[in-house]
Amino acid sequence: MTASVRYIVDNVDDAIHFYELLGFQVQAHPGPGFAMLSQGDLRLLLNTPAGGGGAGQAMPDGTLPEPGGWNRFQLEVDDLDACVERLRAAGVGFRSEIITGNGGKQVLADDPAGNPIELFQPKS
C-alpha cells in the first residue's frame, strides 16, 4: 500500500532538487505549483500556497497553508553520518546535530521550505 504525504513548499523546483538528493523520483510535475514524487511505497505531494488545486487554497477564515512545523516523515538510512555529510555539502540545513537515542541515531533536515525530514539510522 502506498502512503501519501503532502507538504506545502515555497518553491516546487527547489523542493524537487532537495528530495532527489534523498532518492525520490519525480512522477509528475505538471506546473510550477505542484509535483508528485515517490520513493518505494511513499508518495510525496508538493504544493505551493495558493498555487492552484485544492491543497494550496485558503481555508474559510482566509488562512493559507504554509510550510514548516514539526510533523514529519522518517527516512531510514544505512549510514547517517555519510548521509548528513553529503547533504551538508549540498547546502541542506539541519535543526540539530545527530542525536543518539535508545533505538538509534537521528537528525532533522529541513527541505528548502523549512519542512522537517527525519533521517534515522537504527541501532545495529
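Going from atom CD of Glu20 over to atom CD of Gln39 covers 12.0 Å, rounded to the nearest 0.5 Å. Separation of atoms OG (Ser4) and CG (Leu44) is listed at 9.0 Å; rounding is to 0.5 Å. To the nearest 0.5 Å, atoms CG (Asp81) and CD (Gln121) are separated by 7.0 Å. The structure places CG of Leu42 at 9.0 Å from OG1 of Thr2, a figure rounded to the nearest 0.5 Å. Distance CG/Asn11 to CG/Asp111: 10.5 Å, rounded to 0.5 Å. Here the CE-CD distance, from Met36 to Gln27, works out to 6.0 Å after rounding to the nearest 0.5 Å.
A donor-acceptor pair is defined here as one N or O able to donate and one able to accept, closer than 3.5 Å; no such pair exists between the side chain of Arg88 and the backbone of Phe94. Asp110 contributes no side-chain N or O that, together with a main-chain N or O of Arg95, makes up a donor-acceptor pair within less than 3.5 Å. Formation of a donor-acceptor pair under 3.5 Å by the Gln74 side chain with backbone atoms of Phe120 is not found in this model.
Of all heavy-atom pairs between Val92 and Ala109, the closest is CG1-CB, 4.1 Å. The two residues Ser96 and Val107 have their closest heavy-atom pair at O-CG2, 3.4 Å. Residues Ala113 and Pro67 come closest through the heavy atom pair O-CB, 3.3 Å.
Taking a 6.0 Å sphere around CG of Asp61, one finds it holds more than 12 heavy atoms contributed by other residues, nucleotides or ligands. The environment of CG in Asp79 is crowded: more than 12 heavy-atom neighbours from other residues, nucleotides or ligands sit within 6.0 Å. Within a 6.0 Å radius of NE2 in His29, other residues, nucleotides and ligands contribute more than 12 heavy atoms.
Leu119 places a side-chain heavy atom less than 4.5 Å from the side chain of Leu22. Residues Leu37 and Leu46 have side chains in contact (heavy-atom distance under 4.5 Å, counting atoms from C-beta outward). Using a 4.5 Å cut-off on side-chain heavy atoms (C-beta onward), Arg72 and Ile117 make no contact. Taking 4.5 Å as the limit, some side-chain heavy atom of Leu21 sits within range of a side-chain heavy atom of His17. Side-chain atoms of Glu66 and Leu64, non-hydrogen and from C-beta on, never get closer than 4.5 Å to each other.
For the ring-ring contact (aromatic ring centres under 6.0 Å, His included) condition, the pairs that include at least one residue of residues 54-73, sequence neighbours left out, are Tyr7-Phe73.
By the criterion of side-chain heavy atoms lying less than 4.5 angstrom apart, applied directly or through intervening Ile, Leu, Val, Met, Phe, Trp or Tyr residues, Phe18 is grouped together with Val77 in one hydrophobic cluster. Cluster membership for Leu75 and Leu87, using ILVMFWY side-chain heavy atoms within less than 4.5 angstrom, is shared. Linking Ile, Leu, Val, Met, Phe, Trp and Tyr residues whenever their side-chain heavy atoms come within less than 4.5 Å leaves Phe34 and Val12 in two separate clusters. Hydrophobic clustering (side-chain heavy atoms under 4.5 Å, transitive across Ile, Leu, Val, Met, Phe, Trp, Tyr) keeps Leu45 apart from Val5.
In this structure, Ile99 stands alone, with no Ile, Leu, Val, Met, Phe, Trp or Tyr side-chain heavy atom under 4.5 Å from its own, directly or through other members.
For Pro32, the side-chain contact (heavy atoms from CB on, under 4.5 Å) criterion is met by no residue, not counting sequence neighbours.
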